[in-house]
Amino acid sequence: RLQGDWSSDVCSSDLSRLWFFSDSFTTTVFSMQLKRLNELLEQFKIHIRSAQHEESVMLWETQQLFQNNWDTEAPRLAEMFRQSLENSISRRYWSRELYAPREMMLEFIALDEEMVRIMFRDLFNENKEVDGRMDRFVFYCNEMLQAYKEKHQRPPHNRHYHDDNYTMVSLYLTFRFPDRYAPYEHEAFVHLLRSLHSPDIPVVNDPARWFKVARTLLTLMKKDPELISLHSQRLESGRHFEGESLLLAYEFCKWCSGS
């Protein structure tokens, strides 16, 4: 179960939220949240045992491909981008009806390859605050879309699909830095916090807060050897990313939201 020392990262998270004060009320609230998390993780293990493994771990496959292939300075940027964002099960996270961020990024590369390099260099610069990086990336996409429309009289796409409440941008970050980021979906995040009886539910997008919560969740999940063993058994060496990945926290979040 969830025992052991709390790291400073955990103690600054939503689960403790500096429920760090010593009065009995906040201590009780924190204990209730931890108990609730334990209950949910026991149910989550049942899900892992019963779920179709290939479907459940498809994102770990793309994470491994991204790790193998990504190179912002690659001479053939479009080819590198295609190889990095692939999956043998489904491409629905970046290509489905009325949603084509991968295709539009390839259009941007064809339009101005060097600008796309600048966009990804900035997004992946860990020396800068993540909120600013994500906002700038979407802003650059807006600018590129304008140039794209000016070049094509009747463009096949009227949007760049990265204006999706940070979902696609967070996916790039997830694949590039597996232990730092997880895909952001606002409604799923809200469901998770409600499931944990959090008193502080965000009303606007807050991906930076989700990333902190996801790191905390993974820290706590790692304290359950059975859970980690069940997850590891689903991964195929060489095909799936086997290092530390916040995708497990994301899967738990999605499971809590019923999606």
Side-chain angles (χ1 to χ4, degrees), residues 2 40-72 74 79-96 99-103 105-106 120 123-124 126 130 164 166-185 188-189 192 207 210-259:
L2 308 179
L40 289 172
L41 287 178
E42 285 300 314
Q43 297 172 39
F44 182 61
K45 285 190 282 190
I46 297 173
H47 156 74
I48 288 182
R49 289 189 187 98
S50 61
Q52 292 184 354
H53 288 178
E54 282 208 337
E55 183 75 12
S56 298
V57 298
M58 56 171 287
L59 285 178
W60 276 266
E61 178 186 340
T62 301
Q63 195 163 62
Q64 184 62 57
L65 288 170
F66 201 95
Q67 291 291 309
N68 290 344
N69 293 289
W70 185 264
D71 178 7
T72 310
E79 182 181 341
M80 183 279 297
F81 185 80
R82 285 192 190 94
Q83 292 173 346
S84 298
L85 215 59
E86 268 294 351
N87 195 275
S88 64
I89 304 298
S90 172
R91 299 174 182 174
R92 68 176 182 270
Y93 283 90
W94 52 82
S95 182
R96 57 183 184 266
Y99 186 72
R102 179 180 185 266
E103 184 178 340
M105 191 54 64
L106 288 168
F120 278 102
L123 180 63
F124 294 155
E126 287 288 88
V130 69
D164 57 356
Y166 303 107
T167 299
M168 191 64 208
V169 182
S170 69
L171 205 59
Y172 293 139
L173 287 166
T174 298
F175 294 149
R176 179 65 183 85
F177 303 106
D179 63 340
R180 296 289 300 163
Y181 303 103
Y184 177 71
E185 296 182 24
F189 183 37
L192 171 68
W210 157 240
F211 299 145
K212 292 176 182 176
V213 170
R215 290 172 204 143
T216 297
L217 279 173
L218 186 62
T219 297
L220 297 174
M221 293 167 100
K222 283 159 56 180
K223 295 178 184 294
D224 187 332
E226 182 186 18
L227 172 59
I228 298 304
S229 176
L230 286 168
H231 165 62
S232 298
Q233 290 169 28
R234 306 184 299 173
L235 303 180
E236 183 181 324
S237 183
R239 178 184 176 189
H240 299 115
F241 183 75
E242 295 180 284
E244 186 163 309
S245 174
L246 295 188
L247 283 174
L248 189 60
Y250 169 70
E251 184 183 0
F252 175 68
C253 177
K254 292 283 286 180
W255 173 81
C256 284
S257 70
S259 58

#### Entry: Pair Y93-N87, side-chain donor/acceptor within less than 3.5 Å
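The answer is no; no qualifying pair exists.
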
To the nearest 0.5 Å, what is the distance between [atom1] ([X]) and [atom2] ([Y])?
{"X": "Y166", "Y": "Y172", "atom1": "OH", "atom2": "OH", "value": "15.5 Å"}
{"X": "T174", "Y": "L59", "atom1": "OG1", "atom2": "CG", "value": "8.5 Å"}
{"X": "M221", "Y": "L41", "atom1": "CE", "atom2": "CG", "value": "5.5 Å"}
{"X": "E251", "Y": "I48", "atom1": "CD", "atom2": "CD1", "value": "5.5 Å"}
{"X": "D164", "Y": "S170", "atom1": "CG", "atom2": "OG", "value": "7.5 Å"}
{"X": "L248", "Y": "R234", "atom1": "CG", "atom2": "CZ", "value": "6.5 Å"}

Counting only N and O atoms by type, is there a donor-acceptor contact under 3.5 Å from the side chain of [X] to the main-chain atoms of [Y]?
{"X": "H240", "Y": "E236", "answer": "yes"}
{"X": "S95", "Y": "A100", "answer": "no"}
{"X": "W210", "Y": "E185", "answer": "no"}

Output yes when [X] and [Y] qualify as a salt bridge under the 4.0 Å nitrogen-oxygen rule, no when they do not.
{"X": "R102", "Y": "E86", "result": "yes"}
{"X": "E126", "Y": "R176", "result": "no"}
{"X": "E79", "Y": "R82", "result": "no"}

### Query
Can R215 be said to sit on top of Y181's aromatic six-ring, NZ or CZ under 6.0 Å from centre and within 45° of the ring axis?
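The answer is yes; both the distance and angle limits are met.
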
#### Entry: Closest approach of Y99 to R92 (non-hydrogen atoms, all atoms of both residues)
CD2-O, 4.5 Å

### Query
Is P178 close to Q67 at the side-chain level, that is, under 4.5 Å between some pair of heavy atoms?
yes

### Query
Are V213 and L192 side-chain neighbours, meaning at least one heavy-atom pair lies under 4.5 Å?
yes

